[in-house]
Amino acid sequence: MALRRFPVGVQDFEKIRTEGFVYVDKTELIYKLANHYGDAMFLSRPRRFGKSLLCSTLRHYFQGHKELFRGLAIERLEKNWTEYPVLHFDMSKCKSDDPNGVEQSLQSLLRVFEERYECVGLEAQNNYGDRLRRIIETAHKRTGNRAVLIFDEYDSPVLNVIDEPEKLAAIKSLYNSFYGPVKNMGDHLRFVLLTGITKFSQMSIFSTINNLSNISMDPEWEGLCGITAEELERDFKEDIAQLAQQLKLSPEQTLQKLRDRYDGYHFGPKMIDVYNPFSIVNTFSKMMLKDYWFTSATPSALIKILNKYNFKLTDIENKRVYESSFDQPFDNMGSALHILYQSGYLTIKHYDFERNVYTLGIPNGEVYDGLYSCLMPLYLSPNPDDNTSLLMTVQDAMHDDDIDAALTAVQSYLTALPYNLSNKTERDFETILKVLFDCIGIKAETEVRNARGRCDVVLKSRTTIYVMELKISTTATVDEALAQIDEKNYLIPYWDDPRRKVKVGVTVDPEARTIKEWKVVE
């Protein structure tokens, strides 16, 4: 059992502070955000990354609840503790995928504040913008202080219907009515914050609010949500030590396990290492290393998005993008990379200051394993038992360095599932091989470039490097594939590697949609 109490599923700052939960002190950053940056901001972070706790902390700060902040950094910074009227809208409560349901949720959210500030006369109207405007004006007038507006998970209702155009348009229309009045109310507003996963076009909240600043990639706020590497090593020493005892490892080895599994997120050019907070608090609460974040919700929207853009897992490695790509509205983007980054399935791996170019990749082991497992049905069988059986067979074969047995299993499997491939291209087969071998822990690289060409697939096991060339043709031969490996010098980059090197020529029948034959040469 954990020595301390961790806030698993607890996102309320008051509950955390009054009931003895572990809290990583972010209040110095929160003070700067509230007082020295701007009046209206948007922050994008993946789900379960601490956005709701941030909003809750800001609410209690602006409400002047000084007692909750005793012993925290903000206590030495804030001298006045002014109480502002705070309008905190948790949009994740709009769970319906129906516009009528969203409308009822907006009614309920507004009614809370209409009752609090005794706003009468507009309750029966469906003009939600007018009602929000009246609440803001009345709150300012009654308290003498400008209002604070916090919209947490603002995009939650929109993401629920991302693949249903009619519902999406209807909910966007409701949102435009709801958010629209915020534009011209600067005299009544002290602070505005929206949090969510992504931006949507044709949303008045982004097009009409004066000076709405997207701070999602600003260097100053990279560590605002999540647990930084510095915070983990500073605030969780005793927990790391206890976990080390549980795992029968040293604290240093345990810390490396945590890095490999949950670290690796970067949200801006400073490249501050950020751990997934949901996985960290679960790990220390249960004293077990598991895939907590990825399995906490089925990313069905992700599957729909990847299908829409015909996305392949071979597209994921070392993708370079300009900074402007991150600020594209979700529904205007040209590829899936944007939403994969904002959803937490990709992160920044490198930043080129001179060119202002970011390189994206999978953050860590938890996301790597989860992403491949989640997407496997797109490339293999929709039956998980079939996929598990194949993976175990291939894993056993590769454990014995038997590439022949592994390819025999793949050939047999694909023969039984000829319908599963939507296309008959080399890229489809490269993707299938990458999914299979990555899922069993063997590094699979595709389209590997050298000075003379591009090798289709390179597999790196503990003992062996397999350089594989595919020929998608009814007439091509395995000898032609092997000849290309020699002609293009695909093995040369690996000569200094102590592992054995093996050439594999493979032909694929595009009509039967399976491996036709192969030849292995050492």
Side-chain angles (χ1 to χ4, degrees), residues 1-30 45-61 65 67-75 90 92 152-153 195 223-265 267 272-297 344 363-367 369-370:
M1 294 291 292
L3 294 172
R4 301 196 290 169
R5 196 176 185 196
F6 292 90
V8 176
V10 181
Q11 302 171 27
D12 180 68
F13 179 72
E14 181 177 21
K15 183 179 178 71
I16 288 173
R17 294 292 290 163
T18 58
E19 297 187 14
F21 289 100
V22 172
Y23 175 70
V24 176
D25 189 357
K26 301 280 188 180
T27 59
E28 183 171 352
L29 278 178
I30 287 171
R45 286 294 183 270
R47 61 184 174 85
R48 297 185 181 272
F49 238 86
K51 299 187 297 295
S52 294
L53 177 57
L54 169 65
C55 291
S56 176
T57 308
L58 282 164
R59 174 168 66 86
H60 287 289
Y61 166 68
H65 295 163
E67 68 282 359
L68 296 179
F69 294 86
R70 286 198 182 99
L72 300 179
I74 202 170
E75 188 178 34
D90 181 0
S92 68
D152 187 19
E153 302 286 2
T195 74
L224 185 60
C225 292
I227 298 172
T228 68
E230 180 184 354
E231 290 165 343
L232 183 79
E233 296 181 41
R234 181 192 68 205
D235 297 345
F236 295 86
K237 285 183 180 178
E238 60 185 298
D239 310 296
I240 294 170
Q242 187 185 1
L243 181 61
Q245 289 182 345
Q246 186 80 7
L247 298 176
K248 295 181 171 50
L249 299 172
S250 70
E252 292 75 19
Q253 290 171 321
T254 302
L255 184 58
Q256 188 59 52
K257 290 270 188 187
L258 293 170
R259 287 193 194 104
D260 293 342
R261 202 81 207 143
Y262 308 124
D263 191 12
Y265 288 95
F267 296 109
I272 293 175
D273 282 329
V274 179
Y275 286 77
N276 186 314
F278 185 78
S279 293
I280 288 294
V281 297
N282 271 281
T283 294
F284 288 138
S285 177
K286 298 174 175 60
M287 286 294 153
M288 295 177 64
L289 290 167
K290 295 174 65 177
D291 293 343
Y292 297 102
W293 177 77
F294 201 94
T295 58
S296 64
N364 51 48
E366 177 181 22
V367 178
D369 291 349

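Residue numbers start at 1 and run along the sequence shown.
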S.K.: Got a sec, which residues hit salt bridge (charged side-chain N to carboxylate O under 4.0 Å, His left out) with D90, two or more places apart in sequence or on another chain?
M.R.: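 Partners of D90 by the salt bridge (charged side-chain N to carboxylate O under 4.0 Å, His left out) criterion come out as none, since no residue qualifies.
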S.K.: Check the orientation of H60 and F13. Use parallel for under 30°, tilted for 30 to 60°, and perpendicular for over 60°.
M.R.: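 Tilted.
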S.K.: Side chains of F69 and T57: closer than 4.5 Å at any heavy-atom pair?
M.R.: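 Yes, their side chains come closer than 4.5 Å.
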S.K.: Taking the six-membered ring of Y265 as reference, does the cationic atom of R45 (NZ for Lys, CZ for Arg) lie under 6.0 Å from its centre and within 45° of its axis?
M.R.: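 So R45 doesn't make the cation-pi contact.
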S.K.: Looking only at heavy atoms, which two atoms of E231 and D25 are closest? And how far apart?
M.R.: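 Smallest interatomic distance, heavy atoms only, reads OE2-O, 4.4 Å.
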S.K.: Hey, does the side chain of Q242 reach the backbone of M287 with a donor-acceptor pair shorter than 3.5 angstrom?
M.R.: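 Here the side-chain-to-backbone pair does not exist.
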S.K.: Hey, is the main chain of E153 close enough, under 3.5 Å, to the side chain of T195 for a donor-acceptor pair?
M.R.: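 The answer is yes, because a donor-acceptor pair under 3.5 Å joins these two groups.
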S.K.: So do the side chains of F236 and V22 get within less than 4.5 Å of each other, counting heavy atoms only?
M.R.: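 Result yes, sub-4.5 Å side-chain heavy-atom pair found.
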S.K.: Could you give me the CA-CA distance, side-chain angles and deciding distance for K26 and T228, then say whether side chain to side chain contact (heavy atoms under 4.5 Å, CB included) is met?
M.R.: CA-CA 11 Å; K26 301 280 188 180; T228 68; 4.3 Å; yes
S.K.: Work out which heavy atom in D263 is nearest to a heavy atom in V274; give both atom names and the distance.
M.R.: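 Scanning both residues completely, I find the closest heavy atoms to be OD1-O, 3.4 Å.
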S.K.: With a sphere of 6.0 Å drawn around CD of E19, does it hold more than 12 non-hydrogen atoms of other residues, nucleotides or ligands?
M.R.: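 Count over threshold, so yes.
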S.K.: Do we see a donor-acceptor contact under 3.5 Å between the side chains of Q11 and S52?
M.R.: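 On atom types as modelled, these side chains qualify, holding a pair under 3.5 Å.
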S.K.: I'd like to know if the side chain of K51 and the backbone of P46 have a donor-acceptor N/O pair within less than 3.5 Å.
M.R.: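 Checked: pair present.
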S.K.: Just wondering, do W293 and V367 contact through their side chains at under 4.5 Å, heavy atoms?
M.R.: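 With C-beta onward as the side chain, the pair touches.
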S.K.: Classify the ring geometry of Y292 against Y262: parallel below 30°, tilted from 30° to 60°, perpendicular beyond 60°.
M.R.: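 Taking Y262 first and then Y292, their aromatic rings sit tilted (interplane angle of 30° to 60°).
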S.K.: Nearest 0.5 angstrom please: E230 CD to D235 CG, how far?
M.R.: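 With rounding to 0.5 Å, CD (E230) is 9.0 Å from CG (D235).
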S.K.: How many angstroms lie between OG in S279 and CZ in R48, if you round to the nearest 0.5 Å?
M.R.: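 So the gap between those two atoms works out to 10.0 Å.
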S.K.: Does the side chain of L58 reach to within under 4.5 Å of the side chain of L54, using non-hydrogen atoms?
M.R.: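 The answer is yes; the side chains approach within 4.5 Å.
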S.K.: Determine the minimum heavy-atom distance between K15 and V10, stating which atoms define it.
M.R.: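 Nearest pair, atom of K15 first, then V10: CD-CG1, 3.6 Å.
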S.K.: State, to 0.1 Å, how close D291 and R261 come at their nearest heavy-atom pair, and which atoms those are.
M.R.: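 Heavy atoms of D291 and R261 come nearest at OD1-NH2, 2.6 Å.
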S.K.: Find the distance between CG (L72) and OH (Y61) and round it off to the nearest 0.5 Å.
M.R.: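 The OH atom of Y61 is 13.0 Å from CG of L72, to the nearest 0.5 Å.
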S.K.: Calculate, to the nearest 0.5 Å, the distance between atoms CD and CD belonging to Q256 and Q253 respectively.
M.R.: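 Answer for the CD-CD pair, Q256 versus Q253, is 9.5 Å.
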S.K.: CZ of R4 to OG of S285: how many Å apart, nearest 0.5 Å?
M.R.: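 Answer for the CZ-OG pair, R4 versus S285, is 12.0 Å.
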S.K.: Taking atom CG of L243 and atom CG of L255, what is their separation to the nearest 0.5 Å?
M.R.: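 Nearest 0.5 Å value for the CG-CG distance: 10.0 Å.
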S.K.: Side chains of L289 and Q246: closer than 4.5 Å at any heavy-atom pair?
M.R.: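 Not in contact.
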S.K.: Report the residues that fulfil salt bridge (charged side-chain N to carboxylate O under 4.0 Å, His left out) with R59, sequence neighbours left out, ordered by chain and then residue number.
M.R.: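 Here the qualifying residues are D12.
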S.K.: For the residue pair Y275 and L258, what are the closest heavy atoms and their distance?
M.R.: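 Closest approach of Y275 to L258, heavy atoms only: CE2-O, 3.5 Å.
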S.K.: Minimum heavy-atom separation for K237 to R234, with atom names?
M.R.: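 Nearest heavy atoms, K237 then R234: CG-O, 4.2 Å.
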